[in-house]
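Chain A is the first sequence line, chain B the second, and so forth, proteins listed ahead of strands; every chain is numbered from 1.
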Amino acid sequence: MTRFSPADLKELHDAVGEALAADEPLELVAGGSKRDLGRPMQTPRTLDLSRLSGIRSYEPSELVLTAAAATPLDEVQELLAESGQMLAFEPPEWRSLFGSPLSRPTLGGVLACNLSGPRRIKAGAARDHFLGFRAVSGRGEIFKSGGRVVKNVTGYDLSKLMAGSYGTLAALEEVSVKVLPKPEHVATVVLCGLDPAAAAQVMSRALALPHEVSAAAYLPAGSVPAAIVGIAALRLEGPAPSVAFRRERLISELSSEYESTVLEDQASAVLWRAVREVEPLAGLNERVLWRISVAPARGAEFGEAIAHSLDALWYLDWGGGLVWVAVAGAEDGGAAVIRDAIRGADGHGTGHATLIRGSAALRSGVAVFEPQTPSLAALAARVKDAFDPHHILNPGRMAERS
Amino acid sequence: MKMPTPDAAVLQRRAEIIAALRQIVPGEGVIVSETERRVYESDGLTAYRQLPMVVVLPSRVDQVAAVLSYCKEMGVKVVPRGAGTSLSGGALPLADGVLLGMAKFNRILEIDYDNRCVIAQPGVTNLALSQAVEQAGFYYAPDPSSQIACTIGGNVAENSGGVHCLKYGLTTNNILGIEIVTMDGEVIRLGGKHFDAEGYDLLGVMTGSEGLLGVVTEVTVRILPKPTAARAMLIGFAKTEDAGECVAAVIGAGIIPGGMEMMDRPAIHAAEAFVGVGYPLDVEALLIVELDGPPAEIDHLIGKVERIARDHHATAIRISRDDAERLAFWSGRKAAFPAVGRISPDYYCMDGTIPRGRLAQVLSRMRNLSETHGLGVANVFHAGDGNLHPLILYDANKPGEIERAEAFGSDILRLCVEVGGVLTGEHGVGVEKRDLMGTMFDETDLAHQQRLKCAFDPEGLLNPGKVFPQLHRCAELGRLHVHSGRLPFPDLPRF
């Protein structure tokens with residue numbers, strides 16, 4: 001296998017152009033932390049983007065940062081922290097999840113996979129913070145889209161298209177993101193002793209109150225060694241007097257029936273890191289791991305239904321909208337049960353399941369990404385062809401034939 | 001403004017096309033007479049007018065699908081339209097095209113408080129969404145100034161913003177799902193009540209695609225709990241530079257206000273003359289800063305903003321004591337456009353975004369341009385996110401003034417791009433800024449965008465003549481010359 005490691009835009013352009021000329025598809029890799037996410041590929045060439053690194057411009061008061069796409073995430077976050085800012089979508093690293101503790105996730109990587117952490121419910125997803133980029137498409141052409149300002153509707157929003165395209169449309173060379181101030185203070189209200197139905201109710205109520213809950217998770221009893229009873233966690237962020245006020249209100253409005261405790265600063269950070277990095281389930285290496293997005297109020301019921309049909313452990317993030325499920329003993333990894341449950345009894349349920357961790361054989365055998373209706377799949381295939389007509393970039397990573 | 005040349009063959013078959021459309025949408029849903037078509041000849045960008053060949057107002061999704069697939073089969077162009085409030089000519093009709101009005105899709109289909117979303121048909125107005133959930137303490141965040149009239153379908157097409165964008169985002173950040181009909185007549189659902197797209201984010205692509213990719217027939221929006229309270233501050237500055245630096249310092253201090261607006265001297269004077277709410281008249285720039293949240297947070301942040309403003313030589317500071325006063329502070333800003341309409345027979349509203357740090361420089365250069373073009377300009381500015389709305393003052397009855405206003409506007413937008421900004425922050429490209437796309441994007445950039453269009457609408461029948469300065473055939477755009485077998489880049493590092 002030939003490995004290309006371009007150092008700049010021109011070399012990146014050349015590397016894609018040459019792969020195109022040789023008709024030898026490329027696997028795109030930078031930090032390598034999520035290499036095993038997606039369908040397994042057979043590519044004769046590897047395009048290592050990790051040398052496309054470095055922050056190119058950052059003006060805190062403009063709330064915009066521009067960096068080479070493969071700039072390590074920790075480098076970006078450290079620089080932002082110096083100015084009291086952050087990537088508000090709380091990108092997960094998933095290093096322990098994929099057994100690659102030494103890998104360095106990159107900014108371009110989390111954008112290309114559209115990965116967002118617990119603050120997704122308040123601040124939006126990675127895609128909502130992706131302002132613009134420069135890239136080389138599968139046509140071997142350099143192009144750019146978007147801009148370096150936070151408000152822009154000039155032309156199609158191709159940043160959205162790149163987010164979540166897993167490197168199948170273009171190789172990102174430079175990206176611009178919106179950044180936001182770090183909250184001055186953080187506190188997490190933890191309610192104990194909730195069964196799934198109660199958790200669904202509590203999270204729905206909490207998120208309907210004007211207290212700006214920035215994250216809401218539920219760990220059912222037994223989902224982690226520490227969770228002897230089911231616990232719901234609700235995070236509040238902001239200026240100290242505001243957090244103090246909202247914390248009291250939240251407890252008085254929600255928790256008369258439940259025992260509650262408040263985690264501050266470090267303890268709160270540890271909890272949300274665990275939720276974000278899937279720590280409750282990451283160590284269960286023999287299990288197949290799914291990440292499922294459903295309507296938030298359905299999450300708890302969904303988790304219970306899956307655990308009823310399969311040998312499955314689960315927990316909820318995103319106020320119930322994100323269900324993490326670890327399945328054992330099912331031949332298809334639980335795909336059929338999970339995907340049927342998304343549609344629900346009436347067939348009208350919306351959502352999608354992504355097979356995050358499973359053997360290569362399983363990831364070849366069952367759809368890693370949610371199967372689409374024929375007309376949507378055909379449209380997506382035409383989009384792929386528009387950017388990568390010869391299927392040179394990560395072919396087959398998302399869909400079998402493209 | 002050059003629009004695609006009308007297709008004589010289509011115009012010749014007008015009667016036949018009308019008859020076929022009447023088979024799909026019976027009764028008053030097909031509008032043929034010139035008087036009635038006249039209503040649709042322009043949108044919010046009234047400088048451009050064109051009678052459509054025929055207007056169709058379907059009321060069901062299957063009718064939309066049938067109209068589009070019929071038009072595709074016949075090679076007839078289609079221009080979708082919501083309420084027609086576009087300020088960039090996004091709904092400007094074509095002489096040989098069907099104008100597809102979505103006004104009859106005006107029902108809210110479902111309100112789901114547990115999942116904090118509303119499913120609505122595209123013709124529901126932006127404000128009606130907020131009103132429908134107001135009783136339960138919710139609202140829909142994006143609030144374009146046309147929110148009484150503009151529709152959610154149009155908001156999706158234009159990715160509309162408003163004064164609360166910095167904190168709460170544009171349309172694209174506040175919708176969860178849509179149903180669209182493509183030019184093939186296929187009905188496709190993207191997203192739903194859940195977060196994030198499955199596969200490629202075509203929901204994100206559709207949002208802000210200005211009616212060129214598909215027709216929106218249903219929208220699922222996120223609703224938010226209304227903030228407990230809000231207060232506004234009026235802050236006057238003797239120097240624009242100080243106002244600009246104050247905005248940067250507020251954000252630098254980690255404060256993201258619910259709204260942060262700036263007006264320059266001409267805009268302040270026009271607004272005060274119109275609404276008389278006590279704006280200071282001896283200042284060069286006026287900031288309105290709104291803070292929302294629990295009272296404890298608002299008090300805390302108002303104290304901080306006040307200190308920052310004093311450090312930046314604010315000459316006047318007022319803080320709203322109650323909601324009536326807060327709304328009064330806003331009333332001048334919200335009425336800025338009609339207020340300017342009173343001091344000038346006509347005005348032309350621009351919409352560039354700039355890096356905030358370049359504000360003083362841009363305003364100073366704009367004053368020079370104002371002298372060069374011999375036309376006045378008043379500025380209102382979404383200071384929080386850098387979105388500038390210069391209002392160029394002109395008189396359409398004076399020969400040559402409209403052309404000068406357009407030339408002035410183009411110069412302003414080129415200036416925005418030159419300082420690192422963009423052509424449009426929230427109004428869209430439409431026909432208005434179409435021919436300026438080349439200042440931001442090169443041919444290759446535009447070709448990548450147009451190939452996306454080809455994936456949705458290979459014949460280019462949906463809203464052609466908008467957004468892109470040149471129409472290319474998809475076959476021509478798709479060509480790719482690959483020299484097989486050759487290694488054209490011998491210097492490439494390999495490992």
### Message
Under a 4.5 Å cutoff for heavy-atom pairs, which residue among A:Gln85, A:Glu141, A:Arg148 has the most contacts with chain B?
### Response
A:Glu141

### Contact winner vs chain B - A:Thr373, A:Val64, A:Thr354, A:Ile121, heavy-atom pairs under 4.5 Å
A:Ile121

## Note on the structure
Residue set satisfying salt bridge (Lys or Arg N to Asp or Glu O under 4.0 Å) with A:Glu248, at least two apart, ordered chain then number -> none

### Message
Going by salt bridge (Lys or Arg N to Asp or Glu O under 4.0 Å), name the residues that satisfy it together with A:Arg120, two or more places apart in sequence or in a different chain.
### Response
B:Asp196

Could you tell me which portion of [X] (side chain, backbone, both or neither) has an atom closer than 4.5 angstrom to a non-hydrogen atom of chain B?
| X | value |
| --- | --- |
| A:Val294 | backbone |
| A:Leu180 | side chain |
| A:Lys178 | side chain |

Sort [X] into side chain, backbone, both or neither according to what part of it lies under 4.5 angstrom from a heavy atom of chain A.
| X | value |
| --- | --- |
| B:Gln449 | both |
| B:Ala197 | backbone |
| B:His427 | backbone |

### Message
When you measure from the side chain of A:Thr154 to the backbone of B:Val422, do you find a donor-acceptor pair of N or O atoms at a distance under 3.5 Å?
### Response
no

### Query
Does some side-chain heavy atom of A:Val150 sit less than 4.5 Å from a side-chain heavy atom of B:Asn387?
no

### Task
Begin from the C-alpha positions of A:Thr168 and B:Tyr200 and carry the test side chain to side chain donor-acceptor pair (under 3.5 Å) through to its verdict.
CA-CA 10 Å; A:Thr168 60; B:Tyr200 295 143; 2.7 Å; yes

### Task
Please assess B:His448 against A:Ser145 for the test side chain to side chain donor-acceptor pair (under 3.5 Å), listing each intermediate value before the final yes or no.
CA-CA 9 Å; B:His448 276 84; A:Ser145 175; over 6 Å; no

### Query
What is the ring orientation for B:His194 with A:His352, classed by angle as parallel under 30°, tilted 30 to 60°, or perpendicular over 60°?
perpendicular

### Query
Below 6.0 angstrom between ring centroids: does that apply to A:Tyr156 and B:Phe468?
yes

